[in-house]
Amino acid sequence: MADWFGSGKHGVPSGHSNGAIRASIYNQSLYAQQINGFVHVSRLACYEHAKGAISSIDEGSAIVSLSLLRGLIERASLAETVRSKLSGPWREKAKERGFHEVFYETSIAELIGKSLYGTRMDWQKLAGSDFTTAKARELSYEPKEKFMDVSANQILNHVDKLGKRVPGSRVAYDVLCEFLHPNVGDLFATTKHAASRTDAWGTRHLTREISLGRHEFSGAKDLVDCLSKALDIVRSITDQLPKILSDLDAFSNEVSALNRKSMHRVRKRQAHLFNRNDLCPCLSGLTVNNCK
């Protein structure tokens with residue numbers, strides 16, 4: 001159906017009602033416009049993670065701050081993947097073959113859809129389930145025919161792509177992952193003070209004070225070195241974020257303009273599907289009568 005209305009064919013295709021065609025037109029436009037939502041969500045999510053990490057550092061909570069920085073890398077990675085995809089040669093193809101056809105063929109719409117709605121759980125099933133008796137596999141998300149596949153992104157692929165822009169991103173991410181899971185990261189993060197001493201026989205002795213409060217890692221040089229390197233990478237990523245988000249803003253405006261132009265053509269060719277007071281399919285928020 002997307003090929004049908006995108007080509008500007010007149011009449012109703014076999015097996016579809018006017019209502020179904022209208023719904024398809026609005027949905028196609030919505031998918032194209034979702035990049036704007038992705039940019040806003042990414043900006044706010046990065047801000048929340050950075051703000052939370054800074055506050056946790058001030059409070060002396062290593063586990064929370066390092067876990068939030070890990071989350072920040074994930075959001076930045078996904079933003080960079082979308083930015084890179086939108087910077088590709090799809091515009092030239094769109095001029096030759098039509099915006100919506102190329103937008104879907106190049107998987108841009110799917111990438112943005114997964115970035116906003118990606119999940120491993122079926123939320124409708126979750127809402128009606130008893131968590132105490134339900135089995136996890138019964139509540140997992142399964143793609144449905146004729147619906148966009150919103151299976152959760154494999155974030156490591158995106159982190160690796162971020163590494164092309166900020167070398168060391170994957171290693172820094174893996175280091176920070178150690179503080180999210182119940183393993184050696186917990187030991188490191190709950191160590192308030194560590195002291196290292198080497199005796200006359202050359203044996204190194206390390207003592208730890210496990211407690212809440214501000215952490216002093218000066219006695220654990222190896223740990224300090226690792227965290228310092230990881231945090232340097234995070235700093236480089238945050239330095240790149242404004243540029244990444246600025247590029248996404250520009251691409252969002254470009255996609256909105258192309259979608260608007262395409263949908264106005266569809267609206268004109270399929271005038272019998274729209275009333276003057278209907279919401280314009282370009283999703284400007286204006287009615288057909290007022291959207292020029």
Side-chain angles (χ1 to χ4, degrees), residues 1-43 78-79 81-83 85-119 143-151 153 245 247-292:
M1 190 181 297
D3 292 338
W4 173 82
F5 86 74
S7 67
K9 296 178 181 177
H10 291 279
V12 180
S14 177
H16 296 289
S17 67
N18 281 349
I21 297 169
R22 277 170 49 86
S24 176
I25 291 172
Y26 281 110
N27 280 336
Q28 295 289 324
S29 185
L30 175 62
Y31 292 147
Q33 292 283 49
Q34 285 183 137
I35 180 177
N36 185 49
F38 171 74
V39 176
H40 287 300
V41 169
S42 296
R43 180 175 282 111
L78 195 51
T81 295
V82 174
R83 186 210 64 79
K85 190 76 171 180
L86 287 169
S87 67
W90 64 275
R91 298 177 195 74
E92 289 70 24
K93 295 180 181 179
K95 292 177 182 177
E96 298 173 1
R97 298 165 50 199
F99 166 65
H100 283 93
E101 181 180 355
V102 172
F103 197 69
Y104 281 83
E105 183 183 273
T106 54
S107 301
I108 294 175
E110 180 182 0
L111 174 61
I112 296 171
K114 286 192 172 199
S115 300
L116 280 173
Y117 304 110
T119 183
K144 299 177 182 178
E145 187 178 0
K146 297 182 180 180
F147 285 83
M148 179 179 285
D149 180 2
V150 291
S151 301
N153 283 292
L245 294 173
D247 286 349
L248 284 173
D249 276 328
F251 290 137
S252 176
N253 292 334
E254 184 177 1
V255 169
S256 294
L258 289 170
N259 180 65
R260 182 185 180 91
K261 184 177 181 179
S262 176
M263 282 299 166
H264 280 194
R265 286 199 300 264
V266 170
R267 188 188 74 188
K268 183 177 180 179
R269 292 168 179 166
Q270 312 301 333
H272 65 287
L273 295 175
F274 302 96
N275 295 322
R276 288 167 55 86
N277 293 323
D278 284 342
L279 181 68
C280 183
C282 77
L283 300 183
S284 65
L286 301 175
T287 63
V288 169
N289 185 47
N290 293 322
C291 191
K292 306 302 182 182

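Applying the side-chain contact (heavy atoms from CB on, under 4.5 Å) test to Ser115 and every residue at least two apart in sequence or in another chain returns Phe38, Leu78, Val82, Leu111, Asn153. Shown here are the side-chain contact (heavy atoms from CB on, under 4.5 Å) partners of Ile108, two or more places apart in sequence or in another chain: Lys85, Leu86, Trp90, Phe103, Thr106, Ile112. Scanning for side-chain hydrogen bond (donor to acceptor under 3.5 Å, both in side chains) contacts around Arg83 gives Glu80, with sequence neighbours left out. For the side-chain contact (heavy atoms from CB on, under 4.5 Å) test, residues two or more places apart in sequence or in another chain that qualify with Ser151 are Lys114, Tyr141, Pro143, Asp149. Taking the side-chain contact (heavy atoms from CB on, under 4.5 Å) definition, one finds that Ser284 meets it with Arg260, Cys280, Cys282, Leu286, Cys291, sequence neighbours left out. Legend: residues meeting salt bridge (Lys or Arg N to Asp or Glu O under 4.0 Å) with Arg43, ordered by chain and number and at least two apart, are Asp249.
Looking at Ser256, its side chain does come within 3.5 Å of a backbone N or O of Ser252 through a donor-acceptor pair. Side-chain atoms of Ser107 never come within 3.5 Å of backbone atoms of Glu110 as a donor-acceptor pair (strictly under, hydrogens ignored). Asn259 places no side-chain N or O within donor-acceptor distance of the main-chain N or O of Val255, the cut-off being under 3.5 Å.
Remark: Arg22 CZ to Asn18 CG distance equals 9.0 Å, nearest 0.5 Å. Distance check: Asn275 CG to Leu273 CG gives 10.0 Å after rounding to the nearest 0.5 Å. A distance of 8.0 Å separates OG in Ser87 from CG in Asp247, rounded to the nearest 0.5 Å. If you take CD on Gln34 and CG on Asn36, they are separated by 10.5 Å, rounding to the nearest 0.5 Å. Rounding to the nearest 0.5 Å gives a distance of 11.5 Å between CG of Asn290 and CG of Leu279. To the nearest 0.5 angstrom, Leu258 atom CG is 12.0 Å from Met263 atom CE.
For the residue pair Val288 and Phe274, the shortest heavy atom distance occurs at CG2-CB, 4.2 Å. Summarising the geometry of Pro281 relative to Ile25, their closest heavy-atom pair is CB-CG2, 3.8 Å, with the distance given to 0.1 Å.
Considering only heavy atoms from C-beta on, Lys261 stays 4.5 Å or farther from Phe99 through its side chain.
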